[in-house]
Each structure stands twice: as structure tokens, then as C-alpha cells.
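The structure displayed is predicted, hence computed values, not measured ones.
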Amino acid sequence: MKASKLILGTQRENPADAEIVSHQLMIRAGLIRQVSSGIYNWLPLGKKVLQKVEDIIRTEMNNSNAQEILMPMVQPASLWEESGRIDQYGQELLVFLDRHDNKFCLGPTHEEIITDLCKNLLTSYKQLPVTLYQIQTKFRDEIRPRFGVMRSREFIMKDAYSFDLNKEGLDQSYAIMKDSYIKIFNRLGLDYRIVKADSGAIGGSDSEEFHVLADSGEDLLAFSDKSDYAINAELLTELQEGQDPYSLEGKQSPDGQGNLKLKKGIEVGHIFKLGKKYSEILNLRIQGENGDINPEMGCYGIGASRIVAAAIEQNHDEKGIVWPKSLSPFQVALVEVNSKDNKNVKEKCNEVYQLLKDNNIETLWDDRDKRPGVKFADMEVIGIPMTIIVGERTLETGQIEIKKRKDEKPELVSHQDLLSLILN
RNA sequence: CGGGGCAUAGCGCAGCCUGGUAGCGCACCUGCUUUGGGAGCAGGUGGUCGCAGGUUCAAAUCCUGCUGCCCCGACCA
């Protein structure tokens, strides 16, 4: 992609109403623009990053044999009345009337719809176990949206739902999803923790949250420095009422192994064992070997758009975003420096661009008629992990300059080594 | 919903106190000179000053009402 043709939307100054660094950088790097409180446009660069997140999730979901579907964002409110959640969800559920005065709502989650769907889709236990998922827009009318796409009203979520014949099956489906989540967050290249959690309005028994560690996180996590013990600090039974959670820092972990550490986290994933809650309320019956049963359900969510913000919270410096390779909108930036009076520069860029293209390396060729400083600064705020610099100065030496986003200075490499260096 | 703040060009801001019909920086467009870390000069585009009403000869400015946005809290994936 040539930068001269790309709607970049980078901005030099921080927006006045963005408080946390990911929100500031998402706007400065041209990833998003606000439409209304908690509602955003995703610009070309932002959409590319979001797509990377979605692709990783989709690949791992498919690997775990979950099947992708797409459910509607607009849902009949009657289903929510049936499940009893219309009152429980309260104002967060955005309800409206169609032209026939029928009540509808914007889906904040899809337990009702999927359960209803499976009432005529799943008929025999032979179809079980099965896990269905979608990646789709959700709407929750948050009391106070904030921090850009971190806590927005409209957001992109992957939600999966498992159906099993019995509890043992649910345990297995849950374990498969958890394993899949671990693969996803590892591939995303984020520093995260899995913690025991409260199941909240979704309901059910066991639940665990996946948190990206960041000081700006809204949740406080407590975990052992020696064992796997980890819990959302709001669930710490060791806390007296009114006691500061941080006072437990360094104390012995409740599981007796190691000492407690406390860190802030951003919740990016949540997995639940729902049990029969929805299959019973909404009367989902499936034929078993001996009569029909209410299947055991699990649900599994990942905040795709929130991951983009969380990744930035964890990966940035004073110049801008520093994308992990897995999420960068482009793998390589190709910056041409002062090509006007030197046709060789342009030709060399073209040659390098073709080479990268032939090797399926997504490259942003900054061919804009701008001074070098502007281009470097833009590539840095966008956070592309690697920049190739082609200019008169090094062209003569027969070498080529590569600067990693994290490094201060570029290094010189030979043309032969260029490709292998980028691919590794 | 309680508390606080803000609203003037795409972005960041000044002007408001003391009313006289809108300005600066960045960005954008033209030209010339420049060109390895956000260039210089010259010229230019772009705003019913959030909305509605009121006061006044005259309102961005004063008054009233409303709306939107941000922050803290409660709440929440």
C-alpha cells in the first residue's frame, strides 16, 4: 500500500478529551474517530488492526472445532422477557419499537438468541458436543462510557456458546475453550493473567477472566508469585470490609504457595459455565439416549475491539504505539527519503516494495512528498515494528537501512540479507 | 443518577471579565526555495462561535433554558 493513497488520519496533537494513553494514541495514529459517546468509527488503519485480532481469534476458534455463525444485532425483546433478563439487564439494554410497535433491543450478548436458535437446530444428543461462535457488534448502553474503545457502548465481541449432554461434557468443552483462549492471547503477544471471577449478569457457576496487565486497568487482580493462584481482587475473601486490597501485597497466598502480588488488569476475555440456566428457562430440550434433556451450556467472550486498546496500553512509548508483530497494520514501513532529485531512490523503493510484496509481507510504502522527519514520526506513532529507509545516502554504499521500532538507530544490511532479516 | 469541567475552522487553543460582527499555531491548497528527524517565504481555502429564546441600535461576549462531550463516583464484560 502506498501511503499517498491511504487515508492515514494521523494527528500531531493529543485530542483534548482523551485521558488514557491508548485512547490518545488510537486517535493520533488514525485508528479511530469518535461519533458519539462510546461509539466510534474505525479508520483504515484501525480496521486493519481489528481484523488482525479477529483473524487470530477466528483461526483458533476454528482449530478448536467451534463453528462460526452470525446472529442478529437486533433482537426481539420478548426473548429477554422470557429469560427474565430484561429487568436484570436494565438500562444497559437499549430497547426500541419497530413500526408495528413491537419491542426490540440491541443485543448486548446472545444467550437468548442462541438458545432459541438451538431449539430447532439441535434435536439429538448425537449432535453434541457442539460449540458455535460469532464475531459481531454488541451494544451495551453503558452508564458511563469512557477511555475510547476500552469501555464503549458499541464494540466488537467474539462470543461462543457450547452445548453438552452433561456436566462432564461441559467441563470438557470449557477446558477446550480455555485452551483455545490461551493460544489466542499467546499469539496476540500480550502479557495476561487468567483469574477466577464473578459471573455477574450472565449467570452460571464457574467463571474465569482473561486480563491484560496494565496500570490503566479497571480491575484489580491478586495472584501468587509461585503458583497458578489468581483471582479478581473483588472476590478475595481474606479482605475485611473497607480494607485496602493492596494491604495484602506480599502476604501469603490463600493457596499456601508463594506470596500475593496485586496488579491492575483490563478484562479482555471471560469464560463461563452456564449450566442449564438458559436451556431450562427458555426450554431448550434435546433428545438423549433415554428421553430428552436440557443441555449444559457454556459461554465464552472475547472483546476484540477492547484488545486493540489493551494492546496499546501495554505496548507504547513516548513516540507512539509499538505494535507486537501479530497486530501491526503493516509488517514493514518503507520510507523513501528525498527521491525528487534522485531517480535511483524511487527505483530502489519500487524494487524493495516488489520483493516484499512477492513474499506476502504487508508493506506501507511512504511515497508521500513529505520531509523525512514527518514520515519517520508518522511511522512511529502508527507503531509499525520495522522501517526500511531508502535514501541517497545509503543507496551509494550498496546497503540498505533497517530500523526496528524499538531501536534508537537503524542498522545497515546487505540487500541479500534484507528478506531473511524481515522474515525472522 | 450525584459532583466537577468544557463547547469558537479537521486538530490544539486565544478572544468573553469591559458587547461593535472572529483570530493564532498545526493541518489542507498554489507557487518558489529547501530536503536524513515534524522546513522557510509568499499567497490562499475553510467557522450561521453547540442549539433555542431574551436584553440591546448591536451578542462569540450579558441573561434564561436546553443539548452534547469529558472527568470523578455509583454500576458494569
Would you indicate which nucleotide in [options] comes nearest to any side-chain atom of [X]?
X         : options                   : result
Ser37(A)  : rA74(B), rG36(B), rC70(B) : rC70(B)
Ala377(A) : rG38(B), rG73(B), rA77(B) : rG38(B)
Arg146(A) : rG36(B), rA74(B), rA77(B) : rA74(B)
Ile143(A) : rG36(B), rA74(B), rC76(B) : rA74(B)
Arg371(A) : rU34(B), rG36(B), rA77(B) : rU34(B)
Glu401(A) : rG36(B), rA77(B), rG73(B) : rG36(B)
Val337(A) : rG36(B), rG38(B), rC75(B) : rG36(B)

Answer with yes or no whether the side chains of [Y] and [X] bring together a donor and an acceptor at under 3.5 Å.
X         : Y         : value
Tyr353(A) : Asp358(A) : no
Asn232(A) : Glu209(A) : yes
Asp417(A) : Ser414(A) : yes
Glu112(A) : Ser83(A)  : yes
Lys264(A) : His211(A) : no
Glu336(A) : Ser339(A) : yes
Glu313(A) : Ser22(A)  : yes

*In plain terms, say whether Arg405(A) and Asp317(A) are close enough for a salt bridge, that is, a side-chain N and a carboxylate O under 4.0 Å apart.*
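A salt bridge links Arg405(A) with Asp317(A).
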Reckon [X] touches a base, only the sugar-phosphate, or nothing at all at heavy-atom distances under 4.0 Å?
X         : result
Gln34(A)  : sugar-phosphate
Glu92(A)  : sugar-phosphate
Thr394(A) : base
Lys158(A) : nothing
Gln91(A)  : nothing
Glu267(A) : sugar-phosphate
Phe147(A) : sugar-phosphate
Ser152(A) : base

*CD/Glu68(A) to CG/Leu132(A) distance, rounded to the nearest 0.5 angstrom?*
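If we round to the nearest 0.5 Å, Glu68(A):CD and Leu132(A):CG are 10.5 Å apart.
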_Nearest-0.5 Å distance, CG of residue Leu356(A) to CG of residue Leu334(A)_ =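 So the gap between those two atoms works out to 7.0 Å.
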*asked:* Listing request: all side-chain hydrogen bond (donor to acceptor under 3.5 Å, both in side chains) pairs with a residue in residues 149-158 of chain A, at least two apart in sequence or in separate chains.
replied: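 Those involving residues 149-158 of chain A are Asp141(A)-Arg153(A), Glu142(A)-Arg151(A), Arg151(A)-Glu218(A), Lys158(A)-Tyr181(A).
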For nucleotides [N] and [M], find the distance between their [atom1] atoms and express it as a whole number of Å.
N       : M       : atom1 : result
rA60(B) : rA22(B) : P     : 9 Å
rA9(B)  : rU48(B) : C1'   : 13 Å
rG50(B) : rC6(B)  : P     : 14 Å
rG37(B) : rC41(B) : C1'   : 22 Å
rA39(B) : rC17(B) : P     : 39 Å
rU56(B) : rG46(B) : C1'   : 31 Å
rA7(B)  : rC62(B) : P     : 12 Å

*For the ring pair Phe272(A) and Tyr300(A), is the centre-to-centre distance below 6.0 Å?*
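They do not qualify: ring centres at least 6.0 Å apart.
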Contacts under 3.5 angstrom, residues 381-389 of chain A side chains, donor-acceptor by atom type, not counting sequence neighbours:
none

Looking at [X], does any N or O in its side chain come under 4.0 Å of the phosphate oxygens OP1/OP2 on [N]?
X         : N       : value
Arg151(A) : rC76(B) : no
Arg144(A) : rA74(B) : no
Ser36(A)  : rG68(B) : no

So if I take [range] and measure heavy-atom distances to RNA chain B, which residues fall below 4.0 Å?
range                       : value
residues 8-28 of chain A    : Gln11(A), Arg12(A), Glu13(A), Asn14(A), Pro15(A), Ala16(A), Asp17(A), Glu19(A)
residues 381-392 of chain A : Ile389(A), Gly391(A), Glu392(A)
residues 317-333 of chain A : none

*Hey, does Asp191(A) have a side-chain heavy atom less than 4.5 Å from the side chain of Gln314(A)?*
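The answer is yes; the side chains approach within 4.5 Å.
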*Hey, are the side chains of Pro324(A) and Asn315(A) touching, using non-hydrogen atoms and a 4.5 Å cut-off?*
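They are in contact (side-chain heavy atoms under 4.5 Å apart), so the answer is yes.
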*Check the geometry between Phe155(A) and rA77(B) and answer yes if their rings are stacked (centres below 5.5 Å, planes below 30°), otherwise no.*
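Phe155(A) vs rA77(B): stacking yes.
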Listed pairs, N/O of protein and of nucleotides 28-30 of chain B, under 3.5 Å:
residue: rC28(B); atom: OP1; partner: Lys370(A); partner atom: NZ; Å: 2.3

*Between Gly38(A) and Glu218(A), name the one whose nearest nucleotide on RNA chain B is closer to the 5' end.*
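Comparing both residues, the 5'-ward one is Gly38(A).
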*Could you pick out which residue, Pro145(A) or Met157(A), lies toward the 5' side of RNA chain B when each is mapped onto its nearest nucleotide?*
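Checking each residue's closest nucleotide, the 5'-ward one belongs to Pro145(A).
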*Quick one: does Ser207(A)'s side chain have a donor or acceptor within less than 3.5 Å of a partner on Ala197(A)'s backbone?*
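At least one qualifying donor-acceptor pair exists.
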*asked:* Expressed as a whole number of angstroms, how long is the span from Lys375(A):NZ to rG37(B):P?
replied: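 Rounding to the nearest Å, NZ of Lys375(A) and P of rG37(B) are 13 Å apart.
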